[in-house]
2 protein chains.
Amino acid sequence: MGDQVRRNMPLFPMGIVMQLTELSARQIRYYEENKLITPARSEGNRRLFSFNDVDRLLEIKSLLERGVNLAGIREVFEMRERGMQPLHPYYRKEPTEAELHNHLKKELYQAGRYGKASLIQGELSRFFN
Amino acid sequence: MGDQVRRNMPLFPMGIVMQLTELSARQIRYYEENKLITPARSEGNRRLFSFNDVDRLLEIKSLLERGVNLAGIREVFEMRERGMQPLHPYYRKEPTEAELHNHLKKELYQAGRYGKASLIQGELSRFFN
DNA sequence: AAATAAATGTAAGGATTCCTAACATTTATT
DNA sequence: AATAAATGTTAGGAATCCTTACATTTATTT
């Protein structure tokens, strides 16, 4: 339990995360804009990223490289949060039904391969122990 | 081996390290001035601290709270680096002989107690796994 | 193929964080 | 009391990051 706390501690500034993930500031901010990450902020409004944030960014990058778009990635994350059960159309809100689900399925289908393994392609935290 | 690499990665800016250690910027810079830590620098000359740096700072703080002065802490660190063998007066340079050794010994003597355990009193890295 | 949308680049202006240097203060040692 | 050690405080300047807006590239849709 304290583990999640630690992994969520706001620690890294933008510059470091850019190096760690090899993403541009623009990309990182755009992903935040799209609710894929929610880094903390300093008193002066600067982003402070946690291990979990960095992990997420690495995963986002990996999925993007596999051709999944941001909407798809959002789905993946939501699925994970809801406990791995894929969303049923019945529970969907407004804009879709099976479409999005199928779309995602299709996207993920041809993605069952290896990531680029740019350096770390999973959990950054596991990198530090 | 890659472990040491990771623990030496420059990751944290001054502000975060201040929070993590509850030390002032002045203190941290002063300890660097006295060769107790050697944080990396960004291209723009900003300090970037590693896990090892933070660990060291926490240890410095703990030793200071136990009454050890900076010279004593320097000795402790040197001893550790040289493989735990306490320095023999014979090998000392110029300014001292048994004095410093005794001084240190005396300092450490009344210090065989518990630290304040401000939050983390050992290895920060162990905090993240 | 043209239009639209998604993802990223780039630039400007401003705010925050950090830097060094210098001097002041507090605490301990001589 | 004088000196030294450790820390505080302030000033001026530089680096990093912020948001906003517009441009470009790439993919999708009509």
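The chains referred to below are lettered A, B, ... by the order of the sequence lines, with proteins before strands, and numbering in each begins at 1.
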Electrostatic pair A:Arg41:A:Glu32 at N-O distance under 4.0 angstrom: yes
Short side-chain N/O contact to C:dT16 OP1/OP2 from A:Ser42, under 4.0 Å: no
Salt bridge present between A:Arg56 and A:Glu81 (N-O < 4.0 angstrom): yes
Rounded interatomic separation in angstrom, taking CD1 from A:Ile73 and C1' from C:dA6: 12 Å
Contact under 4.0 Å: B:Tyr30 side-chain N or O vs D:dA5 OP1/OP2: no
Interatomic distance, A:Glu33 CD vs C:dA6 P [rounded to whole Å]: 12 Å
5' precedence on DNA chain D between B:Gly44 and B:Ser24 (nearest-nucleotide basis): B:Ser24
Interatomic distance where CD1 belongs to A:Ile28 and P belongs to C:dT10 [whole Å]: 15 Å
Nucleotide C:dC18, atom P - distance to CD1 of A:Ile16 in whole Å: 12 Å
Closest heavy-atom pair and its distance - A:Ala25, A:Met18: N-CE, 3.7 Å
C:dA3: pairing nucleotide in any strand, Watson-Crick or G-U under 3.5 angstrom: D:dT28
Integer-rounded Å distance: C:dG9 P and A:Arg29 CZ: 12 Å
Between D:dT20 (P) and A:Asn45 (CG): distance, integer Å: 10 Å
Member of A:Asp55, A:Leu63, A:Leu57 meeting the side-chain contact (heavy atoms from CB on, under 4.5 Å) criterion with A:Glu59: A:Leu63
Phosphate contact (D:dC17 OP1 or OP2) by A:Arg47 side-chain N/O below 4.0 Å: no
B:Arg46 side chain near D:dT16 phosphate (N/O to OP1/OP2, under 4.0 Å): no
Upstream residue (5' side of DNA chain C) when A:Ala25 and B:Met18 are each assigned their closest nucleotide: A:Ala25
A:Arg41 side chain near D:dT19 phosphate (N/O to OP1/OP2, under 4.0 Å): yes
Any A:Arg26 side-chain nitrogen or oxygen under 4.0 Å from OP1 or OP2 of C:dA7: no
Smallest separation among heavy atoms of A:Asp53 and A:Ile37, with atom names: O-CG2, 4.2 Å
Rounded distance in Å - CD (A:Gln19) to P (D:dT16): 10 Å
Spacing between B:Asn69 atom CG and D:dT7 atom C1', to the nearest angstrom: 15 Å
Mate of C:dT30 where both pairing distances stay under 3.5 Å, Watson-Crick or G-U: D:dA1
Nucleotide forming a Watson-Crick or wobble pair with D:dT7, both distances under 3.5 Å: C:dA24
